[in-house]
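The structure presented is a predicted model; accordingly, all values stated were derived computationally and were not measured.
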Amino acid sequence: MMTPHFPYLTFIILSPALALLAILLTPQSKVRWVKGFALASSSFSLFLSLFLAVTYDRHQGGFQFIETLPWIPSLGITYTLGIDGISLPMLLLTSLVTFSGVITMWELEKRVKEFYASLLFLVTGVFGVFVSLDLFFFFLFYEIAILPMYLLISIWGSTKKEYAAMKLTLYLLLGSAFILTAFLALAKVSGVGFSFIELSKHHFDPNFQQIIFLLLYIGFGALAAVFPFHTWSPDGYAAAPTAGSMLHAGVLKKLGAYGIIRIAVLLLPEGAQHWALLMAVLAVVNILYGAYCAVHQKDLKYMIGYLCISHMGVVLLGISTGTVSGINGAIFQMFAHGIMTALFFSATGFIYDRLHTRMIPDLGGLAKRMPLAATFLVLAALASVGLPGTAVFSAELLVFITAIKVYPVLGILAASAIVLTAFYVLRSLQYAVFGPVKPNATLVQDTTFFLSIPRVTLIGVLLLFGFFPNLLLDLVRSTTINLFPGF
Amino acid sequence: MTSFLAGPIHFELYLGLVILYFVSLACFKKTEPSFIRISALVASVLGIGIAAANLSVQGLFFHNSFQADFYSQFLKLVLMSGFLIVVLLSKDPERLGMEPEETPEYYLFLFASLLGMSFLVSSVNFLLFYVSLELASYSLYLLVPFRRSRPETREAGLKYFLFGAVSSGLMLFGISYLYGAFGSLQFADIFNAGFLSGNPALLFLGILLAISSLFYKLAVAPFHYWAPDVYEETPPPLTAFIATLSKLAGIAVLLRIFYFSAGQWPALSTLLILLSVITMTWGNLAAIRQKDAKRMLAYSSISQVGYLLLGILAAGQAGYGSVIYYTIVYMIMNLGAFLVVTRLAREGKDPGLEEFRGLSVRSPFLAFLFLLSVFSLAGIPPLAGFAGKWILFKSALDAGFPVLVVWAMINSTISLYYYLTFVKEAYLKEPLSGSHPLPLCLSDKILGFLIIASIVLLGIYPTPLYQLAIKAVDSLV
């Protein structure tokens with residue numbers, strides 16, 4: 001079956017894939033070409049996803065730009081792509097983070113070709129997951145997205161890199177064992193194959209829903225760092241190279257939450273209802289535990305890693321409310337947190353590259369030594385604790401208001417934890433940035449104009465959606481309002 | 001009965017001629033090894049042509065004990081293609097630790113074993129099954145201790161032979177049991193009579209004994225103990241032959257036998273569940289600690305057979321189709337890994353973990369080929385092993401074995417650990433001091449490229465091969 005319109009979504013997947021191919025064929029010595037291909041492809045993806053976000057029909061909602069092509073008919077597998085208000089923000093997020101990640105790593109000298117090849121392979125997988133409407137392709141891209149991280153961490157990483165890489169990979173692949181089983185079971189029980197659109201029309205037996213939902217929640221939860229499957233995450237982020245952390249924390253983790261919303265909640269609504277309280281409790285544990293660990297970290301990257309667990313808790317809390325505004329908040333938080341974490345890792349990575357330390361006590365007087373880099377770090381920290389005016393604030397507010405309505409005690413507990421974390425995090429950073437300059441500190445070059453581009457872009461996006469949250473929320477709402485009519 | 005010259009056994013006749021040719025070469029002893037190698041290559045390429053030309057041949061032969069159908073002819077083509085790769089791997093016998101003057105015997109026995117396998121995939125009768133299995137095995141018993149320079153090799157060869165002979169004895173005992181009870185040696189008749197007689201216990205015992213030898217060949221745990229030693233001690237191309245082609249042939253005939261039980265036999269299912277769980281778990285756990293590449297691949301191939309048993313358990317068109325698909329894919333990706341192992345061998349010493357160190361610097365192409373092959377074995381998308389596992393596990397889940405599927409998936413995650421150990425050496429470590437770049441000849445590059453291309457293409461678009469597999473299974477009736 002031919003698609004009537006231009007296959008935008010196929011091109012979204014192809015853009016990094018073709019650049020990957022070009023990079024593989026480029027000789028090792030032509031480093032500039034490699035970087036050029038990566039930048040060109042990420043700019044093109046960014047352009048495409050902006051274009052899609054603008055042309056998406058918000059009044060109509062639902063899946064648009066659908067492409068279908070029979071793939072393995074006898075097994076019910078069809079190549080189906082499509083996007084809606086849930087996946088579009090994720091596409092935007094991915095292309096923004098990739099774009100800034102590519103520039104952030106511009107100074108890389110070690111095995112450049114392999115680095116950008118792995119990075120683009122990962123991005124291909126992420127785009128693929130967000131646009132796939134067939135479970136076979138969803139899973140295929142999902143695993144593609146997970147694996148390159150092994151190479152990224154173990155080759156270009158730091159601190160305990162081999163251990164962290166192996167731990168992360170095995171954890172996540174173990175999670176996908178559950179996902180695959182759940183997918184196969186969904187296709188068997190419904191008898192309509194792997195198409196998401198067909199599956200969503202099928203009503204599954206409540207008992208079946210409960211079991212499969214749990215499988216999916218464990219599987220995707222491992223990637224979304226749901227407590228107690230989160231332990232890979234701080235180790236992994238601390239060890240990963242800057243762009244690796246940016247993409248993994250900013251985007252890949254969202255794949256887990258996206259999977260929970262897209263597959264688990266939407267296909268198995270009764271399963272979701274059955275486990276809602278458990279999800280909410282786990283989410284609050286995530287928030288509290290992540291925050292508690294974050295304030296005790298001396299290593300900046302570990303601190304961000306734990307903050308990330310805490311913030312993912314907010315996303316999961318939004319999902320567990322099972323209401324339109326809760327889900328909207330969760331999706332908004334996924335987007336905002338992705339941008340914010342990318343900014344945070346990008347700012348930290350730069351400082352680490354220059355000073356070769358990211359221990360908070362050693363950074364003393366950063367504001368005097370590298371004013372611009374320090375500014376980025378402070379802005380990132382402010383955004384991460386939910387400063388009003390940033391997108392994170394609007395998103396968290398939306399989630400907490402909904403959560404307090406649905407689960408008053410849990411909601412208040414979570415919201416107060418966030419406020420306390422903000423206090424501690426800011427206090428420790430204040431020392432690092434504005435404290436006295438260490439006597440043995442050397443003079444280092446500050447952020448150059450070119451390297452500022454990604455950070456400025458990310459900050460701009462955070463502020464834009466902080467002041468105009470409806471730009472994004474309208475988009476999300478156009479889809480969710482029809483999907484959760486009961487609430 | 002059809003005449004010898006126009007019939008379903010063209011391919012086997014051709015292999016017989018090739019064997020005669022190598023017998024005569026072996027008698028002369030004076031022939032240049034390179035000439036023998038080229039003869040083997042030409043014979044393999046011709047063999048592929050003949051197998052392809054006979055793809056649609058059908059018919060019975062040898063008093064209905066030999067059946068040519070699309071299933072057998074298609075698998076013969078696959079076997080022959082895999083065989084060509086094994087011949088391509090077998091260059092530089094000295095480097096692989098073999099005696100150059102024994103080259104004719106090497107190819108002679110390889111072709112003899114191939115002939116046995118090609119009879120095996122066509123056999124529908126226990127007598128032919130026994131004879132062809134022995135032909136395939138005895139050639140290997142002779143080949144395994146070929147590297148006489150090492151005492152361990154003799155030990156492995158003796159182990160392989162002794163246990164193999166015992167399992168053959170058991171098999172004959174089982175067959176005699178079946179014949180005594182049901183008065184026939186045809187697979188179909190025995191199963192029909194067995195189910196009708198209301199005495200499935202007798203049938204079960206007979207079948208179990210008869211196929212125990214097959215389980216031995218496939219290295220299904222607990223019949224697997226020979227595999228690691230034999231894999232470790234044989235020259236790499238021969239290991240590749242044992243690991244891929246002989247498994248394919250064994251699986252093929254196993255499907256033929258089980259086809260008649262059609263998965264509606266609880267005792268057999270229970271047995272297969274047990275064997276499958278033990279095999280995949282044991283294989284994977286034991287592989288974790290291996291430092292020798294071929295030993296690691298031995299345990300990995302044990303665990304792969306464990307996955308395959310899932311598809312056999314699922315039965316039916318979907319189950320058997322997925323088994324055929326996965327076996328072919330398994331052959332391709334394993335041959336890819338063995339190509340790397342073979343080229344890393346030097347002075348008769350097979351590569352261990354150390355030889356992989358810094359491979360990505362010494363030969364980026366080989367490193368990449370190895371990476372793709374083992375990732376595909378672990379079932380990572382978008383590679384062939386992923387599509388294969390998806391199809392295989394789907395058939396098992398549809399047949400009602402969800403827990404087994406979860407277990408198999410967890411196992412394939414474990415398997416990634418030991419594959420990554422080798423990949424890690426290749427990509428993360430600096431090469432040993434004194435090691436130099438590994439140049440590759442053109443034929444290796446082409447072969448490697450073809451393997452990479454098929455691993456990727458079969459992963460992204462498995463449909464054509466899967467349809468062929470389904471068509472093959474449909475022709476089993």
Side-chain angles (χ1 to χ4, degrees), chain A residues 17 24 28 70-77 79 111 113-114 117 121 124-125 128 135-137 139-148 150-151 154-157 161-162 165-166 169-189 191 194 211-212 215 219, chain B residues 317-318 321-322 325 360-361 364 367-368 371 375 378-383 386-387 389-417 419-421 423-424 427-429 452 456 459-467 469-470:
Chain A
L24 284 181
Q28 203 97 33
W71 206 258
I72 316 180
S74 51
L75 296 181
I77 295 171
Y79 176 76
R111 300 171 84 168
K113 179 178 159 180
E114 285 103 326
F121 191 57
T124 311
L135 298 191
F136 174 80
F137 283 96
F139 189 79
L140 183 134
F141 287 120
Y142 184 82
E143 294 237 310
I144 287 182
I146 290 176
L147 205 72
Y150 176 79
L151 291 178
S154 56
I155 300 182
W156 296 274
K161 56 184 180 180
E162 284 184 21
M166 191 65 96
T169 312
L170 293 185
Y171 250 87
L172 299 187
L173 285 180
L174 205 59
S176 54
F178 291 98
I179 299 173
L180 177 69
T181 316
F183 281 8
L184 294 178
L186 285 172
K188 171 174 163 49
V189 169
F194 292 98
I211 299 168
I212 299 299
L215 283 182
Chain B
Q317 188 204 45
S322 69
Y325 181 85
S360 66
V361 180
F368 189 60
L371 178 94
F375 276 9
I380 301 295
L383 306 174
F386 165 74
K389 277 200 177 126
W390 180 285
I391 297 172
L392 194 63
F393 292 169
K394 180 181 183 328
S395 73
L397 197 118
D398 287 354
F401 302 100
V403 181
L404 267 183
V405 170
V406 174
W407 190 243
M409 281 297 297
I410 291 175
N411 261 291
S412 57
T413 311
I414 299 175
S415 75
L416 191 67
Y417 176 81
Y419 294 133
L420 276 180
T421 325
V423 170
K424 201 163 77 180
Y427 273 90
L428 304 186
K429 301 276 168 69
I452 289 178
V456 173
I460 295 175
Y461 193 58
T463 318
L465 181 61
Y466 181 63
Q467 276 163 351
I470 291 284

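- Of the listed residues (B:Y466, B:Y461, B:W390), just one forms a ring pair (Phe, Tyr, Trp, His ring centres under 6.0 Å) with A:W71, and that residue is B:Y461.
- We find the CG-CG distance between A:L180 and B:L397 to be 8.5 Å, quoted to the nearest 0.5 Å.
- With a 4.5 angstrom heavy-atom cutoff, A:E162 touches chain B only via side-chain atoms.
- Your options are B:I414, B:V423, B:T413, and the one with the most heavy-atom pairs under 4.5 Å with chain A is B:T413.
- Residues A:K188 and B:P402 have side chains not in contact (no heavy-atom distance under 4.5 Å, counting atoms from C-beta outward).
- In this structure B:K389 satisfies the side chain to side chain donor-acceptor pair (under 3.5 Å) test with no other residue, sequence neighbours excluded.
- Note on B:L383, B:D398, B:I391: by heavy-atom pairs under 4.5 Å with chain A, the leading option is B:D398.
- Residues B:P381 and A:I144 come closest through the heavy atom pair O-CG1, 3.7 Å.
- Ranking B:V405, B:I460, B:I470 against chain A, the residue ahead of the rest is B:I460, based on heavy-atom pairs under 4.5 Å.
- Taking A:I146, A:L151, A:L170, A:I77 one by one and counting their heavy-atom pairs under 4.5 Å with chain B, the maximum is reached by A:L170.
- Residue-environment remark: OH (B:Y417) stays at or below the threshold of 12 foreign heavy atoms within 6.0 Å.
- Interface remark: A:Y171 contributes no atoms to any contact with chain B (heavy atom separation under 4.5 Å).
- Here the OG1 atom belonging to B:T421 is positioned 5.0 Å from the CE atom belonging to A:M166, to the nearest 0.5 angstrom.
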Could you check A:Y150 against B:K424 for side chain to side chain contact (heavy atoms under 4.5 Å, CB included), going step by step and ending with a plain yes or no?
CA-CA 10 Å; A:Y150 176 79; B:K424 201 163 77 180; 3.2 Å; yes
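- Atom CG of residue A:L173 and atom CD1 of residue B:I410 lie 12.5 Å apart, to the nearest 0.5 angstrom.
- Neither the backbone nor the side chain of B:S412 comes within contact range of chain A; no heavy atoms are under 4.5 Å apart.
- Heavy atoms closer than 4.5 Å to chain A are found in the side chain of B:F386, but not in its backbone.
- With values rounded to the nearest 0.5 angstrom, A:L75 atom CG is found 8.0 Å from B:T463 atom OG1.
- Proximity to chain B is limited to the side chain of A:T169, based on heavy atoms less than 4.5 angstrom apart.
- The distance from the CZ atom of A:F136 to the NZ atom of B:K394 is 11.5 Å, given to the nearest 0.5 Å.
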Walk me through whether B:V406 and A:L215 qualify under side chain to side chain contact (heavy atoms under 4.5 Å, CB included).
CA-CA 10 Å; B:V406 174; A:L215 283 182; 5.5 Å; no
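- The CZ atom of B:F375 sits 11.5 Å away from atom CD of A:E143, with the distance rounded to the nearest 0.5 Å.
- Counting heavy-atom pairs under 4.5 Å between each of A:L184, A:L147, A:T181, A:I155 and chain B puts A:L184 at the top.
- Residue A:S154 touches chain B through both its backbone and its side chain, counting heavy-atom pairs closer than 4.5 Å.
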